[in-house]
Q: 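Have a look at this one before I ask anything.
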Amino acid sequence: MANKNNTDAQAKISKLKSWSPIWIIPIITIFIGAWILIYHFSHLGPEVTLITYNAEGVEAGKTKLKSRSVDIGLVEKVSLDNNFKRVIIKARLNDGMRDLLKKDTAFWIVKPAIGKEGITGLGTLFSGVFIEVQPGNSEQHAEKFDLLGSPPLASPDAKGIRVILTSDQAGRLNTGAPVLFHGYRVGSVEASSFDIKSRNMHYQLFINAPYNGLVTENVRFWRDSGIAFDLSAQGIRLEMGSLTTLFSGGVSFDVVEGWQPGKRVEDKSLFRLYEDQRSIQNSLYSVHKDFILFFSDSVRGLQPGAPVEFRGIRLGTVMEVPFDSEKLRQKLDNEFRIPVLIHIEPGRVSTDIDLEKEFAAALRQGLRAALKSANLITGALYVDLDFYPEKGQWKGPLKVADYDIIPTVSAGLSQIQQKVVEALDKINRLPIEPMISQATNTLAESQKTIREAQRTLSELNKLMTSKDFQKIPADLQQTLLELNRVMQGLQPGSPAYNRMIDNMQRLDQVLRDIQPVIKTLNNKSNALVFEAKSIKDPEPKKVTK
């Protein structure tokens with residue numbers, strides 16, 4: 001009995017060996033999700049960081065990145081940096097676009113704009129702004145770039161050459177200004193910057209191929225302002241450039257006249273930017289000899305850059321007016337002379353000339369320097385060298401303060417002014433008042449004589465009509481008739497009488513009119529050329545008690 005109960009109390013346990021089909025679905029779901037994640041991250045494009053100071057129109061999740069109108073990415077995040085001064089834009093490019101991220105790749109915002117080239121970016125009015133990407137050619141990769149506000153003027157893969165121009169005149173050329181060769185546009189001004197150390201402006205130019213071959217070592221660059229008007233010692237000069245540079249200005253370049261083009265230059269070569277084409281020719285004469293001129297005449301109108309000529313041939317340039325040096329200190333008295341520094345440039349005539357020998361011989365023959373008027377409108381002066389044999393050999397010092405001296409004479413405008421003053425002095429010394437008084441007295445005596453003649457004529461007429469006239473001999477009667485005829489020609493109303501009275505009145509009027517003219521010329525000798533200021537009539541002063 002007991003054994004039977006023990007056998008019935010033991011339970012038989014067996015394990016389940018089959019899987020439930022319900023677990024297949026979540027397992028497959030997990031594998032699909034993992035594959036999607038792996039595929040997503042494995043095909044995720046590169047991230048790029050763009051830095052700018054103004055992200056106007058850029059929105060995360062909306063603003064696209066494009067290259068040649070093809071979508072290549074999307075902006076993911078727009079935020080400020082830690083200093084709150086710049087905008088950090090995080091963008092994700094599409095898969096396979098990593099090769100676009102070169103060191104010289106350019107990014108800029110495309111939006112509607114109005115510029116010299118016209119209206120651009122009108123398509124963004126409906127689609128919104130986007131970021132244009134211009135691929136670079138550098139072998140180095142980068143992930144951080146500056147976001148430009150406008151597209152670069154020349155793409156990195158553009159063929160050509162870049163040159164750097166330096167100028168001491170700031171703010172003359174704008175980005176995008178044309179670069180011209182013989183009036184034809186061959187490039188553009190890419191960028192401009194100011195160097196604080198040298199205090200010069202630097203301009204970067206890009207010359208497109210095949211015109212880059214025109215840039216050689218002997219070319220010179222100058223400003224092309226469209227219209228150039230100059231009043232100088234050389235006269236009036238008006239130059240008109242092309243319409244391209246009329247409003248915005250530009251740069252022109254060419255080989256110096258008479259020079260060979262020379263070798264082609266390397267990229268980023270440095271050139272000087274000249275003010276105009278004429279100043280280039282003057283800068284070629286680097287070899288010169290300094291001379292000092294001492295003028296006792298006024299140097300008003302003589303400016304640095306004025307020519308130094310010998311019988312119309314330019315030999316040099318005026319450098320400083322007046323020339324300031326501690327070794328040239330003078331007393332401010334009647335003997336004060338104004339020092340002027342000039343350069344004599346032998347290259348303008350011949351490079352083989354020996355200046356010291358030539359000028360030493362010329363001084364013995366009477367070589368002198370004089371100021372002459374170059375432009376009556378502007379009053380500009382220039383230095384004229386010529387021989388004055390009457391002056392003889394120069395016996396004064398040949399050097400002062402380590403500078404050679406060229407003696408001077410008063411000539412040109414000074415001589416003319418001196419002669420005019422002398423002539424006016426002679427006119428002023430004329431006895432005008434006595435002449436007017438004498439003319440008035442003469443006129444009065446003439447009128448008295450005419451009245452006496454009239455009375456004589458009246459008596460003569462009575463005599464001729466009387467009975468006693470018939471008793472006078474025939475010869476005497478003929479004489480009286482002739483006298484009567486002459487006297488009638490002088491009576492009032494006759495042509496001779498009227499003519500004589502008119503002449504006397506004119507003489508009196510001329511003498512009175514010339515008196516204020518002489519006074520004006522005496523006060524201002526050049527009043528015949530330049531208008532003299534009107535002088536107010538004198539006002540009587542109040543009598544003070």
Q: Among residues at least two apart in sequence or on other chains, which ones pass side-chain contact (heavy atoms from CB on, under 4.5 Å) with I164?
A: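 By the side-chain contact (heavy atoms from CB on, under 4.5 Å) rule, I164 matches H202, Q204, K268, L270.
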
Q: Check side-chain hydrogen bond (donor to acceptor under 3.5 Å, both in side chains) between N83 and all other residues, then give those that pass, not counting sequence neighbours.
A: none

Q: What do the steps show when you test K289 against D404 for salt bridge (Lys or Arg N to Asp or Glu O under 4.0 Å), and what is the final call?
A: CA-CA 9 Å; K289 176 70 175 178; D404 292 335; 3.3 Å; yes

Q: Which residues pass the side-chain hydrogen bond (donor to acceptor under 3.5 Å, both in side chains) test with N82, sequence neighbours left out?
A: none

Q: Test E217 against K263 for salt bridge (Lys or Arg N to Asp or Glu O under 4.0 Å), laying out the working first.
A: CA-CA 6 Å; E217 59 185 1; K263 299 179 181 179; over 6 Å; no

Q: Check this for me: E390, atom CD, are more than 12 non-hydrogen atoms of other residues, nucleotides or ligands nearer than 6.0 Å?
A: yes

Q: With rounding to the nearest 0.5 Å, note down the distance linking OG1 in T408 to CZ in F295.
A: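 Rounded to the nearest 0.5 Å, the OG1-CZ separation comes to 5.5 Å.
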
Q: Let me confirm one number: the CZ-OG distance from F194 to S167, rounded to the nearest 0.5 Å.
A: 10.5 Å

Q: Please evaluate residues F271 and F253 with respect to the criterion ring pair (Phe, Tyr, Trp, His ring centres under 6.0 Å), reporting the C-alpha separation (whole Å), side-chain torsions for both, the decisive distance (0.1 Å), and the verdict.
A: CA-CA 11 Å; F271 289 89; F253 70 96; 8.9 Å; no

Q: With a 4.5 Å heavy-atom cut-off, do L101 and V48 have their side chains touching?
A: yes

Q: Does K66 count as lying over the ring of F130, i.e. NZ or CZ under 6.0 Å from the six-ring centre, within 45 degrees of the axis?
A: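 Cation-pi check for K66 and F130: passes.
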
Q: Tell me, yes or no, whether the heavy-atom count around K144 atom NZ, taken from other residues, nucleotides or ligands under 6.0 Å, exceeds 12.
A: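 Not more than 12 within 6.0 Å, no.
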
Q: In sequence, state the C-alpha distance, the side-chain angles, and the governing distance for T317 and E345, and then conclude on side-chain hydrogen bond (donor to acceptor under 3.5 Å, both in side chains).
A: CA-CA 8 Å; T317 305; E345 299 147 352; 3.2 Å; yes

Q: Sequence neighbours excluded, which residues qualify as side-chain hydrogen bond (donor to acceptor under 3.5 Å, both in side chains) partners of R300?
A: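 R300: no side-chain hydrogen bond (donor to acceptor under 3.5 Å, both in side chains) contacts found.
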
Q: Can you give the donor-acceptor pairs under 3.5 Å from side chains of residues 49-57 to other protein atoms, not counting sequence neighbours?
A:
unit_1, atom_1, unit_2, atom_2, d
T49, OG1, K90, NZ, 3.0
T52, OG1, N54, N, 3.3
T52, OG1, N54, O, 3.4
N54, OD1, E56, N, 3.2

Q: Rounded at 0.5 Å granularity, tell me how far CG in D168 sits from CD in E275.
A: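 Going from CG on D168 over to CD on E275, the span is 7.0 Å.
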
Q: With sequence neighbours left out, write down each residue that passes side-chain hydrogen bond (donor to acceptor under 3.5 Å, both in side chains) with E132, or none if nothing qualifies.
A: none

Q: Which value, rounded to the nearest 0.5 Å, describes the distance between D104 atom CG and Q140 atom CD?
A: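 Result: 9.5 Å between the selected atoms.
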
Q: Could you tell me which non-hydrogen atom of V219 sits nearest to which non-hydrogen atom of L214, and how far apart they are?
A: CG1-O, 3.4 Å

